[in-house]
> 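One structure is given below, represented as structure tokens, and several questions about it will come after.
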There are 2 protein chains.
Amino acid sequence: MQPKAPQTDTSRDRILSASAILFREHGYAGVSMRKIAESCEMKAGSLYYHFASKDQILTEVLNIGIQKVHAAVARSLSDAPAGATVIDKLKRAISGHLHALLEYSSFTSANVRIFRQVPDEIQNSNLEVRRAYEALWDGFLQELQDAGELRNDVDPRSLRLMLIGALNATLEWFDPALGNISDLADRYADMLANGALKKGDS
Amino acid sequence: MQPKAPQTDTSRDRILSASAILFREHGYAGVSMRKIAESCEMKAGSLYYHFASKDQILTEVLNIGIQKVHAAVARSLSDAPAGATVIDKLKRAISGHLHALLEYSSFTSANVRIFRQVPDEIQNSNLEVRRAYEALWDGFLQELQDAGELRNDVDPRSLRLMLIGALNATLEWFDPALGNISDLADRYADMLANGALKKGDS
DNA sequence: CCTTCTACCTAACGTTTGTTTGAAATATCC
DNA sequence: GGATATTTCAAACAAACGTTAGGTAGAAGG
């Protein structure tokens, strides 16, 4: 089945979308410029009118993957009403992450799956964007801790590593056509907040 | 920095180890037979004495990645003393997973990172091994639920998806040279059992 | 309508890839 | 030590790769 690039505004966007889909399915090195071009109903040489190199396409795909998620979570956090409970805030943040993650899944999957495989210079250039998103979560969880909402023996950074790990893994199995993202977010928030065991088993 | 294959018993093992390291760092398509051979201090043609194809190397690397983890968790579960508490059992299972995951991290990382990028026939051939491991966890978590240890609103399969997602993400940031795997396992078990929030916030 | 700009195509280049085959080197066995 | 088996090397092949440069078609502007 040959993936088709979605019909977006410009050829440049079409190339990026097609690239994201192909990179996540075949890895970076497994996707040739000819394959990307074919997916856009173009020829490989044409891609160089829009992008300087394959590496530049990759760099932008990786950045888009993170920026979408970052913007969504930032918005979720700032939209929270003043009297929101901690569980409500957590649900909002997780919901923001999951909605963006799963709605832009070609870009986000591409990032999650191939980040560690790409040339070092490109990894390094994506690290800033990644660090900014991590800092957003770390800030949020640190607030929860400062407010006395997190258990004293829970480190916010460790919690973030675990939480993002679990959330990003949904890319491998969750299908938005079959399930409801908000329900998923609620379940994950509940589990991370309260755990899986019945009380009294600790 | 040119990775060196660890000194193992046979050339065949050396090729597999080198391949796992290279696949996880560069993806499947990003690693040539010449690179693998060089890593083993051989030439590319020599690899064909031991393996029929690059795809065969890949298939074996992927299988090893899962089999190590499966064996460790199975052993952890069967070694649990008769009177073990549920939190103890959970700790054991998680510890088994994490120890294998992080000790054989070249193979397990290769699997986790590149599984979705490899040719379909190879994905399909690895699926059986994956399904068997998933079934091991599902069985264990179902026992916990049947024993009334899990919350009634927690689905064992969903819990497994979340748990394995979180555990496998440790491959990206945990360094066994800097941290203690058993401590990590204990923390993860505790978090997944009891959650991150102070009681009373649900 | 003519000129200029935009966006794509084509052909080609040098390099890299997985693989094969026969030769040579090394290891093992009697 | 010589014969045999195992293991590796070297050279080569066809195909594929990222990229370049010139050409062309169509759109836009005056």
Side-chain angles (χ1 to χ4, degrees), chain A residues 2-23 25-62 110 114 117-123 125, chain B residues 2-23 25-62 110 114 117-123 125:
Chain A
Q2 178 63 31
K4 285 292 184 186
Q7 294 304 112
T8 54
D9 293 342
T10 65
S11 291
R12 201 175 191 283
D13 286 344
R14 284 197 296 130
I15 294 165
L16 287 171
S17 295
S19 301
I21 290 167
L22 290 168
F23 288 157
E25 293 301 325
H26 303 290
Y28 176 58
V31 178
S32 67
M33 296 296 266
R34 289 169 178 84
K35 281 216 184 81
I36 295 171
E38 188 185 330
S39 198
C40 302
E41 292 173 334
M42 288 194 218
K43 300 295 182 183
S46 309
L47 303 183
Y48 293 89
Y49 180 78
H50 301 274
F51 297 93
S53 62
K54 188 181 178 185
D55 275 1
Q56 197 203 338
I57 297 177
L58 172 64
T59 296
E60 296 201 18
V61 165
L62 292 181
I114 71 174
Q117 299 165 32
V118 306
D120 285 350
E121 320 87 67
I122 300 187
Q123 281 191 36
S125 76
Chain B
Q2 178 64 31
K4 285 290 181 186
Q7 296 303 115
T8 55
D9 294 344
T10 65
S11 292
R12 202 175 190 285
D13 286 344
R14 285 196 298 129
I15 295 166
L16 288 171
S17 295
S19 300
I21 289 166
L22 290 167
F23 288 157
E25 293 301 327
H26 303 290
Y28 176 58
V31 177
S32 67
M33 297 296 266
R34 287 169 178 84
K35 282 219 185 80
I36 296 171
E38 186 185 330
S39 197
C40 302
E41 292 173 336
M42 288 195 219
K43 299 296 182 181
S46 309
L47 303 183
Y48 293 89
Y49 178 78
H50 301 274
F51 297 94
S53 63
K54 187 182 179 184
D55 276 1
Q56 198 202 338
I57 297 177
L58 172 64
T59 297
E60 297 201 17
V61 165
L62 292 181
I114 70 175
Q117 298 164 33
V118 305
D120 285 349
E121 321 84 70
I122 300 187
Q123 282 190 35
S125 77

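Residue numbering restarts at 1 for every chain, and letters A, B, ... go by the order of the sequence lines.
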> Would you call A:R14 and A:M42 a side-chain contact if the rule is heavy atoms closer than 4.5 Å?
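Yes; the side chains approach each other to less than 4.5 Å.
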
> Any pair with a residue in residues 28-53 of chain A that passes ring-ring contact (aromatic ring centres under 6.0 Å, His included), sequence neighbours left out, goes on the list, sorted by first then second residue, please.
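Of all non-adjacent pairs touching residues 28-53 of chain A, those that pass ring-ring contact (aromatic ring centres under 6.0 Å, His included) are A:F23-A:Y28.
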
> Could you check if a side-chain atom of B:T59 sits within less than 4.5 angstrom of a side-chain atom of B:V118, using non-hydrogen atoms only?
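When only atoms from C-beta onward are counted, B:V118 and B:T59 do not touch, as no gap falls below 4.5 Å.
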
> Going 5' to 3' through nucleotides 11-28 of chain C, assign each nucleotide B (protein heavy atom under 4.0 Å from a base atom), S (under 4.0 Å only from sugar-phosphate atoms) or - (no protein heavy atom that close).
-B----BBBB--------

> Work out which heavy atom in B:I15 is nearest to a heavy atom in B:C40; give both atom names and the distance.
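Heavy atoms only, the tightest pair is CA-SG, 3.7 Å.
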
> Could you tell me the separation between the CD atom of B:Q117 and the CG atom of A:L22, rounded to the nearest 0.5 Å?
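Going from the CD atom of B:Q117 to the CG atom of A:L22 covers 12.0 Å.
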
> Quick one: how far along DNA chain D does chain B reach, first to last nucleotide 5' to 3', anything under 4.0 Å to a heavy atom?
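First and last nucleotides in contact are D:dT6 to D:dA12.
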
> Expressed in angstrom and rounded to an integer, what is the separation of A:Y49 atom OH from C:dT10 atom P?
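Taking OH of A:Y49 and P of C:dT10, I get 18 Å after rounding.
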
> For residues 50-60 of chain A, which residue pairs pass the salt bridge (Lys or Arg N to Asp or Glu O under 4.0 Å) check, not counting sequence neighbours?
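Listed once each, the pairs are A:R12-A:E60.
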
> To the nearest 0.5 Å, what is the distance between CD1 on A:I36 and CD1 on A:I57?
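So the CD1 of A:I36 and the CD1 of A:I57 are separated by 4.5 Å.
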
> Going by the rule salt bridge (charged side-chain N to carboxylate O under 4.0 Å, His left out), which residues pair with A:E25 if we only count those two or more places apart in sequence or in a different chain?
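Not a single residue meets the salt bridge (charged side-chain N to carboxylate O under 4.0 Å, His left out) criterion with A:E25.
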
